[in-house]
Amino acid sequence: MRTVPRYYSILFNGVTKALQALEQRNYGTAERILARAQIQAEGAFMDGGEAEEPVKMSNGYLVKPEEIP
């Protein structure tokens, strides 16, 4: 299992969701997802940017092990 900074997993998952929205030609949704991910990642960084969390890949997303179905 890997550990990554919390802000990284927020951005990674936001980009993944935005790409899915773009594939469906939902451009406004993609823009909102990216903007929200940017704000959340900045908040996580400012709150202690080096805080890390254990993650695994599941369906293209970085998730905490307890969140894997």
Side-chain angles (χ1 to χ4, degrees):
M1 182 176 338
R2 301 180 70 108
T3 59
V4 297
R6 177 152 167 63
Y7 64 84
Y8 178 86
S9 62
I10 291 168
L11 283 176
F12 183 92
N13 289 337
V15 169
T16 301
K17 289 177 185 177
L19 288 171
Q20 291 171 344
L22 288 172
E23 287 175 357
Q24 297 174 358
R25 300 180 192 267
N26 293 327
Y27 304 114
T29 299
E31 180 181 13
R32 287 188 295 277
I33 290 168
L34 289 171
R36 183 175 47 236
Q38 181 182 29
I39 291 166
Q40 290 175 341
E42 181 180 13
F45 179 78
M46 297 304 287
D47 287 344
E50 296 309 312
E52 293 192 349
E53 59 187 6
V55 295
K56 285 190 168 189
M57 290 294 294
S58 178
N59 296 324
Y61 292 94
L62 289 175
V63 295
K64 296 176 186 174
E66 63 269 14
E67 295 173 350
I68 297 175

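All residue numbers refer to positions in the sequence shown, counting from 1.
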Would you say that more than 12 heavy atoms from the other residues, nucleotides or ligands in this model lie under 6.0 Å from the OH of Tyr8, or not? no
Are Ile39 and Met46 connected into the same hydrophobic cluster when the rule is that any two of I, L, V, M, F, W, Y join if their side-chain heavy atoms are below 4.5 Å apart? no
Quick check: closest heavy atoms across Ala18 and Ala30, and the distance to 0.1 Å? O-CB, 3.7 Å
Ile10 versus Ala44, closest heavy-atom pair with distance: CD1-CB, 3.7 Å
Apart from Leu19 itself, residues in the same hydrophobic cluster as defined by side-chain heavy atoms under 4.5 Å: Val15, Leu22, Tyr27, Leu34
Considering only Ile, Leu, Val, Met, Phe, Trp and Tyr, and joining two whenever side-chain heavy atoms are under 4.5 Å apart, list the other residues clustered with Ile33. none
Scan residues 30-46 for pairs that pass side chain to side chain donor-acceptor pair (under 3.5 Å), counting only residues two or more places apart or in two chains. Thr29-Arg32
